[in-house]
Amino acid sequence: MPLTIATWNINSVRLRQDLVARLAAEKAPDVICLQETKCPNASFPSKAFEKLGYTHIAVNGQKGYHGVAVLSRRPMREVVARPFCDMGDSRHIAVDVEARGGRSVRIHNFYVPAGGDEPDPEVNPKFAHKLAFLDEMTDWFGTETEAVAPADGAIVLGDLNIAPLEDDVWSHKQLLRVVSHTPVETERLEQVRRALDWVDVVRRDIPPPEKLYTWWSYRAKDWAAADKGRRLDHVWLSNGFSDACDRVEVLREARGWERPSDHVPIIVRLDV
DNA sequence: ATGGTCGGACCCCGA
C-alpha cells in the first residue's frame, strides 16, 4: 500500500472542516497536513476528523492566527513543534508516520510568514521576519541534519509563501517586486532547499515551462478566468528518498469548491 | 484598473 500525503493551507480549520471531509472522501489521503488552522489546540475539531478515520492527530495551534496540524490514518507520533524567531508563532510541526518494515517517514509541516506588502526588511518588520525565518530554517537543516532528515526519509511541505520559479507566477515580470516572488526571497528559499539538497518533487513531475499555481487571491472577480495564481505551497523530499514519490497532484478544482480556501491541496504518493 | 475579498479577532489586523 502506498502512502499518500496531502498539504493544504485551509484558512480556518473550523470554518472549513467540511472541505477537509470532501478532500478525504474524494482523494482519501493517508495523511493531511494543514496550515493556517487559526485555532487553539483545545478548540481543534479532532472528533470530526477521527470519524473520518484520521485517528492520529498532531496540532500546533494558537488563537486567531497561523497554526499547523497533521491528521493521519496511519500510526504517527509527534516529534517536535519547533518555535522559530522567538515569536511564539505556531508555524511548524514535525511527525513520524509509520512505513513498511519498521521504517518511518518524517514530515515537517511549515507555515512560513507571508511577509507583508513592502519587500524591504529595513522598513517592513514582517518582511524581515520572513527572511529571518528562512535563515533559521537553513541553519537548522544545516546543523541538525540527522534529526531533521533521518536516513529512512524526510519531507518538508506546507505553505512556504514563496513562488520560486518564473513559471510559478502568472507574470514573472509584474511580480518581481511583489512579496512572494522577489529575488531576495527566491534566493533565500533556494538556500533553504540546498541546506539538505531537498528535491522539489512537484516541479520534478510537472516541470517548467508549464505554469503551476496553488494559490489564487480572493480579490479576483473570477479567479479561474483571470488565473493570476502563484505556487506558494511546496513538497520537498530528502535527497536519496525522492525516488519514493511516484505521483504528484495539484488539486486546482478545490479552489472552486463552496466557500473555498484561497489555497488548494497538493497530494503526493510514496511507495514506502 | 494600484483596487479588490476573506477570517478571526475585536472596534482592525494579517493574508
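Letters A, B, ... mirror the listed sequences (proteins, then strands); counts begin at 1.
Distance CH2 (A/Trp215) to P (B/dC6): 13 Å, rounded to an integer number of Å. A/Asp233 places its CG atom 15 Å from the P atom of B/dA15, with the value rounded to the nearest Å. For the pair A/Glu118 CD and B/dT2 P, the computed distance is 18 Å after rounding to whole Å. Atom CG of A/Leu15 is separated from atom C1' of B/dA9 by 14 Å (rounded to the nearest Å).
A/Tyr218 has its ring centre no less than 6.0 Å from the ring centre of A/Trp223.
A cation-pi contact links A/Arg22 to A/Trp257, judged by a cut-off of 6.0 Å to the six-membered ring centre and 45° from its axis.
Taking for each of A/Arg259 and A/Asp159 the nucleotide of DNA chain B with the nearest heavy atom, the 5'-most of the two is the partner of A/Arg259.
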For nucleotides 11-14 of chain B, which of its nitrogen or oxygen atoms have a protein nitrogen or oxygen under 3.5 Å away, and what is each distance?
from	atom 1	to	atom 2	distance (Å)
B/dG14	OP2	A/Lys126	NZ	3.2

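Residues A/Thr37 and A/Val59 form no side-chain contact, since every pair of their non-hydrogen atoms from C-beta on lies 4.5 Å or further apart.
Under the 3.5 Å distance criterion, the side-chain polar atoms of A/Arg193 are left unmatched by any main-chain donor or acceptor of A/Asp200.
Base pairing annotation: B/dC12 forms a Watson-Crick or G-U wobble pair with B/dG8, both donor-acceptor distances under 3.5 Å.
Checking A/Asp262 against A/Trp215 by side-chain atom types alone, a donor-acceptor pair falls below 3.5 Å.
Of the candidates A/Phe110, A/Phe241, A/Phe141, A/Trp198 forms a ring pair (Phe, Tyr, Trp, His ring centres under 6.0 Å) with just one, namely A/Phe141.
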